[in-house]
Amino acid sequence: MSKIQDFLDKHFHQIFSNNHFFYTVTFLLSALIIALLSFIPSSNVGNAILFLAATFSMTFIFLMFEGLIPQLEKYLFSPEKKFDRKKLICFLINYFIAFFIILPYFLAGASNQLTVQFLGWDIALPIIFITIYFGWNLVQIFYLRIGFEDVSVKVNEKINDKFGVSKKKELIDIVILIVALIIPVLIQLGTFFGFHPEFTPQPGDPKEPLIWYAASNIIIVLIIIITSWRLITLFHRSRKFGSSNSYSSMFYILLWLIIWFRTFSFFSALQGVVQTTTELEILTRLIDILLMVLTAFLVLKSLGDKIYDSIIFKPNNIAFFLFSFTLLYIEGQIIMITGVGSLTGVFADRNQINLINNFLIIILTVSFYWWYSEHALERKGYIIRKRFYPEDVVSIINDFKDFLETRDALDTNKIGDTEVQDFIDSKKIQIHVIEPIEDKPDIIEEDSGINTEN
């Protein structure tokens with residue numbers, strides 16, 4: 001248990017430590033309450049859920065800002081206890097403040113009570129939450145790729161460790177490539193024949209659903225051809241560069257699992273087979289929730305690694321922002337299921353929303369793969385590099401210094417590590433260094449790349 005705790009503290013910025021455990025449990029309970037209430041088919045319940053999500057979210061936002069105040073740390077965080085009365089009191093105070101701020105808005109701020117109707121809670125809040133829902137879904141792939149990349153790297157490293165640089169290793173890379181190319185074809189064929197009976201018209205029925213289904217499958221086939229061509233060309237470039245690898249094939253397989261799930265959901269929504277009470281819809285919603293939870297933790301890890309140059313986000317308060325944002329995401333999904341406020345008629349057809357959502361995610365995922373597949377291979381040295389990032393530049397400068405030293409072409413008494421670092425600083429090249437959470441590092445991460453020509 002201590003090893004698990006150390007791992008979670010290290011990679012997820014102590015959200016399960018004694019300092020944050022109470023807030024993590026509170027977040028999970030609030031999300032569970034909201035999710036369970038969503039199964040009650042009533043617009044009034046939908047409005048109540050909207051109110052709860054807004055109050056809980058605002059509570060965590062208050063805690064996020066309070067986490068910046070050193071004098072409040074002893075009340076908000078207690079490393080000796082997971083559940084502490086001070087934490088409970090602080091949370092309740094913030095919740096009641098949020099409650100009494102939002103309550104008048106809900107009582108007197110409906111669209112039919114305001115001159116500017118768009119500012120009414122029954123229009124503004126649902127639109128904001130739905131925007132967050134769609135936006136979060138669209139950026140999921142940027143965070144899911146972290147886990148995909150880790151798995152792909154480990155598989156590639158195991159193959160390298162076992163076979164080294166050899167003909168057998170190159171043969172294994174080719175086999176994995178072939179498997180990667182076959183898997184999308186097989187799962188798409190299975191999906192096509194699985195859904196085909198649902199779209200086959202009976203005598204006298206219109207053929208339009210079958211036409212839409214056939215057209216959608218043609219688009220998916222084109223996507224398979226495009227992404228397969230990208231994988232093959234990158235693999236060829238890697239072999240030509242003398243660096244055969246299984247990394248790109250494994251990453252392709254994992255990415256296609258996401259594309260397949262989205263195509264599955266798309267076809268379900270296209271025919272309307274996903275209904276509120278069906279087991280199929282429960283399955284897809286559970287998978288959506290699992291993806292949300294996974295990406296939420298990946299976002300926490302990723303954002304946590306970037307907070308050192310932020311004025312707002314610090315190690316102790318980053319989790320509060322994530323909790324707040326995730327609740328809004330959940331509510332955005334629930335709004336489209338239950339319907340709330342004055343937008344019930346606009347968003348009543350959940351199948352159309354799912355069509356739009358899954359279509360956008362598929363397009364974004366394919367576009368992301370087209371860019372990232374080359375970008376990742378460049379950074380890992382598997383293909384010729386066209387662009388360099390700050391850490392790459394620093395590594396090259398240090399390697400060149402070592403190269404000169406080994407050939408006695410550099411006077412180490414005049415040019416040492418300090419001088420090299422001063423030169424790097426003078427060029428405004430800064431890299432991110434992960435340090436212990438309790439420290440306050442001075443190094444800032446830069447995300448933008450430095451484009452160069454080979």
Side-chain angles (χ1 to χ4, degrees), residues 8 12-17 19-42 44-64 67 76 82-83 87-88 90-92 94-99 102 106 121 125-126 128-140 143-144 276 281-304 317-341 350 353 357:
L8 293 174
F12 298 104
H13 305 279
Q14 303 191 41
I15 64 170
F16 295 107
S17 68
N19 277 336
H20 295 82
F21 190 80
F22 167 77
Y23 301 111
T24 303
V25 171
T26 303
F27 158 72
L28 293 174
L29 288 175
S30 60
L32 179 62
I33 292 171
I34 291 173
L36 291 176
L37 287 175
S38 69
F39 287 98
I40 302 175
S42 169
N44 291 330
V45 173
N47 292 337
I49 295 172
L50 182 65
F51 179 80
L52 285 176
T55 53
F56 277 118
S57 181
M58 181 174 286
T59 301
F60 285 117
I61 290 296
F62 288 158
L63 290 169
M64 180 189 77
L76 295 175
K82 289 185 177 180
F83 296 96
K87 295 177 185 177
L88 176 60
C90 288
F91 181 84
L92 290 177
N94 282 281
Y95 180 79
F96 283 119
I97 292 174
F99 181 89
I102 295 177
F106 270 71
W121 66 265
L125 292 185
I128 292 173
F129 293 176
I130 289 173
T131 301
I132 290 174
Y133 170 76
F134 278 110
W136 185 258
N137 273 325
L138 292 178
V139 303
Q140 266 189 0
Y143 297 100
L144 286 174
T276 306
E281 193 234 355
I282 294 174
L283 175 62
T284 55
R285 285 180 64 184
L286 285 175
I287 295 176
D288 270 329
I289 291 172
L290 289 175
L291 286 175
M292 182 218 31
V293 172
L294 175 60
T295 52
F297 282 109
L298 290 174
V299 168
L300 175 62
K301 184 180 185 303
S302 180
L303 285 178
N317 76 343
I318 183 68
F320 295 139
F321 170 76
L322 181 72
F323 296 159
S324 174
F325 189 87
T326 305
L327 286 173
L328 298 186
Y329 169 89
I330 296 172
E331 174 59 12
Q333 187 179 41
I334 291 172
I335 285 172
M336 293 185 291
I337 298 172
T338 62
V340 299
R350 182 173 42 78
I353 294 172
N357 183 43

**Report entry** Spacing of Leu328 atom CG and Met58 atom CE [to the nearest 0.5 Å]
**Finding:** 10.0 Å
Query - Gap between atom CD1 of Ile130 and atom CG of Leu125 - 0.5 Å precision - result: 11.0 Å
Hey, does [Y] have a side-chain heavy atom less than 4.5 Å from the side chain of [X]?
{"X": "Lys87", "Y": "Leu76", "value": "no"}
{"X": "Leu52", "Y": "Ser30", "value": "no"}
{"X": "Phe27", "Y": "Phe22", "value": "no"}

State which residues pass side-chain contact (heavy atoms from CB on, under 4.5 Å) with [X]; sequence neighbours excluded, sorted by chain then number.
{"X": "Ile128", "result": "Ile132"}
{"X": "Leu29", "result": "Val25"}
{"X": "Ile97", "result": "Phe62, Ile93, Ile101"}

Requested in this report: Quick one: list whatever passes side-chain hydrogen bond (donor to acceptor under 3.5 Å, both in side chains) with Ser57, sequence neighbours left out.
Outcome: Ser324
**Report entry** Pairing residues for Asn94 by the side-chain hydrogen bond (donor to acceptor under 3.5 Å, both in side chains) criterion, not counting sequence neighbours
**Finding:** Glu66
Report task. Please say which of Thr131, Leu50, Asn47 ends up in a side-chain contact (heavy atoms from CB on, under 4.5 Å) with Pro126. Result -> Leu50
Identify, with sequence neighbours excluded, every residue that meets ring-ring contact (aromatic ring centres under 6.0 Å, His included) alongside [X].
{"X": "Phe320", "value": "Tyr23"}
{"X": "Phe56", "value": "Tyr95"}
{"X": "Phe51", "value": "Phe99, Phe106"}

Query raised in the report: Any sub-3.5 Å donor-acceptor pair from Thr326's side-chain atoms to Phe323's backbone N or O?
Result: no
Query raised in the report: Ignoring hydrogens and geometry, is there a side-chain-to-backbone donor-acceptor pair from Asn317 to Gly67 under 3.5 Å?
Result: no
